[in-house]
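Please read the structure below before turning to the comments.
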Amino acid sequence: QVQLVESGGGLVQAGGSLRLSCAGSARTFSSYAMGWFRQAPGKEREFVAAISRSGGATYYADSVKGRFTISRGYALNAVFLQMNSLKPEDTALYYCAAGRSFTTAPTYDYWGQGTQVTVSS
């Protein structure tokens, strides 16, 4: 079982930056691929970014490519999402996920509770 806890969300003006963190409980954290997803009110959950177990490969949604960066902190059992040049349409509840498959699909095995990101115009 893997427990995930997100942090770092908040209210920011358009053009600003936030850094989301996701802390994992498992000693085998490094054996999981990690993903970030988001869900805005009235919309389906959508893929944002993913990183492989080794950290050597990443995927990004087209909507965030060039603005967001996903990374891993193995010593901290954590994964991060650096978000720059934020837009109002980035407003959503952001979820961290862990799974055996490195994928853009929401088929990860474990999910956090989410952290709210609100971008004002």
Side-chain angles (χ1 to χ4, degrees):
Q1 189 76 10
V2 177
Q3 293 184 331
L4 302 171
V5 179
E6 302 97 334
S7 61
L11 173 64
V12 64
Q13 289 189 331
S17 298
L18 283 174
R19 186 185 193 222
L20 305 184
S21 299
C22 173
S25 63
R27 288 178 295 172
T28 56
F29 187 77
S30 61
S31 65
Y32 293 92
M34 302 296 299
W36 285 98
F37 292 77
R38 66 186 182 187
Q39 188 167 17
K43 295 187 177 181
E44 292 186 353
R45 189 171 298 189
E46 66 173 358
F47 168 76
V48 176
I51 190 165
S52 64
R53 285 174 284 180
S54 69
T58 55
Y59 288 144
Y60 293 96
D62 287 343
S63 59
V64 307
K65 204 171 292 183
R67 299 188 298 123
F68 291 10
T69 303
I70 188 170
S71 61
R72 301 189 71 131
Y74 291 97
L76 300 172
N77 264 12
V79 64
F80 307 101
L81 186 68
Q82 178 66 43
M83 305 186 296
N84 299 328
S85 302
L86 283 161
K87 305 175 181 179
E89 51 263 45
D90 294 318
T91 295
L93 189 61
Y94 282 71
Y95 296 92
C96 170
R100 296 296 185 184
S101 298
F102 176 44
T103 178
T104 63
T107 55
Y108 287 74
D109 301 302
Y110 305 102
W111 294 81
Q113 294 299 307
T115 184
Q116 179 67 38
V117 171
T118 304
V119 184
S120 63
S121 57

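Bear in mind that the values here come from a model prediction, so they are computed numbers and not experimental data.
- Follow the hydrophobic side-chain contacts under 4.5 Å out from Ile51 and you reach Met83 in the same cluster.
- Phe47 CZ to Asp62 CG: the interatomic distance, rounded to the nearest 0.5 Å, is 10.0 Å.
- Within a 6.0 Å sphere centred on CZ of Arg53, heavy atoms belonging to other residues, nucleotides or ligands number 12 at most.
- For Thr103, the side-chain contact (heavy atoms from CB on, under 4.5 Å) partners at least two apart in sequence or on another chain are Ser101, Ala105, Thr107, Tyr108.
- A donor and an acceptor atom, one from each side chain of Arg100 and Ser31, are located under 3.5 Å apart.
- Note on Val64 and Leu18: same hydrophobic cluster, where clusters join Ile, Leu, Val, Met, Phe, Trp and Tyr whose side-chain heavy atoms are under 4.5 Å apart, directly or indirectly.
- Rounding to the nearest 0.5 Å gives a distance of 7.5 Å between OG of Ser30 and CG of Asn77.
- Rounding to the nearest 0.5 Å gives a distance of 11.5 Å between CD of Glu46 and OG1 of Thr104.
- Note that the OG1 atom of Thr58 and the CZ atom of Arg72 stand 12.0 Å from one another [nearest 0.5 Å].
- Using cut-offs of 30° and 60° for the angle between ring planes, the Tyr59 and Phe102 rings count as parallel.
- In summary, Asp90 and Lys87 do not engage in a salt bridge, as defined by a charged side-chain N under 4.0 Å from a carboxylate O.
- At a threshold of 4.5 Å between non-hydrogen side-chain atoms, the residues Thr115 and Ser7 do not count as touching.
- Side-chain contact between Glu6 and Tyr94 is absent, with no heavy atoms from C-beta onward closer than 4.5 Å.
- Tracing side-chain contacts under 4.5 Å through hydrophobic residues (I, L, V, M, F, W, Y), one never reaches Leu20 starting from Trp111; they form parts of separate clusters.
- A donor-acceptor pair is defined here as one N or O able to donate and one able to accept, closer than 3.5 Å; no such pair exists between the side chain of Gln113 and the backbone of Val5.
- Summarising the geometry of Ser85 relative to Ser17, their closest heavy-atom pair is N-OG, 4.3 Å, with the distance given to 0.1 Å.
- For the atom pair Leu11 CG and Gln116 CD, the distance stands at 10.0 Å (nearest 0.5 Å).
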Stepwise side chain to side chain contact (heavy atoms under 4.5 Å, CB included) test for Val117 and Arg38 | CA-CA 9 Å; Val117 171; Arg38 66 186 182 187; over 6 Å; no

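- Note: the hydrophobic cluster containing Leu4 also contains Val48 (ILVMFWY, side chain heavy atoms under 4.5 Å, direct or indirect links).
- By the neighbour-count criterion of 12 heavy atoms within 6.0 Å, atom CD of Gln3 is sparsely surrounded, having that number or fewer from other residues, nucleotides or ligands.
- Under the 4.5 Å side-chain heavy-atom criterion for ILVMFWY residues, a single connected hydrophobic cluster contains both Val79 and Tyr110.
- By the 4.5 Å heavy-atom criterion applied to side chains, Ile70 and Tyr60 are counted as neighbours.
- Under the rule for a side-chain contact (heavy atoms from CB on, under 4.5 Å), the partners of Lys43 that lie at least two apart in sequence or sit in another chain are Ala40.
- Atom CE of Met34 sits about 11.5 Å away from atom OG of Ser71, to the nearest 0.5 Å.
- For residues 12-106, the pairs satisfying disulfide (SG to SG under 2.5 Å) are Cys22-Cys96, with sequence neighbours left out.
- Annotation: side chain of Phe68 is not in contact with side chain of Trp36 (no heavy-atom distance under 4.5 Å).
- Closest non-hydrogen pair, Ala98 versus Tyr32, comes out as CB-CB, 4.1 Å.
- A donor-acceptor pair under 3.5 Å links the side-chain atoms of Ser52 to the main chain of Ala57, judged by distance alone.
- In terms of modelled atom types and a separation under 3.5 Å, the side chain of Thr91 and the main chain of Val119 share a donor-acceptor contact.
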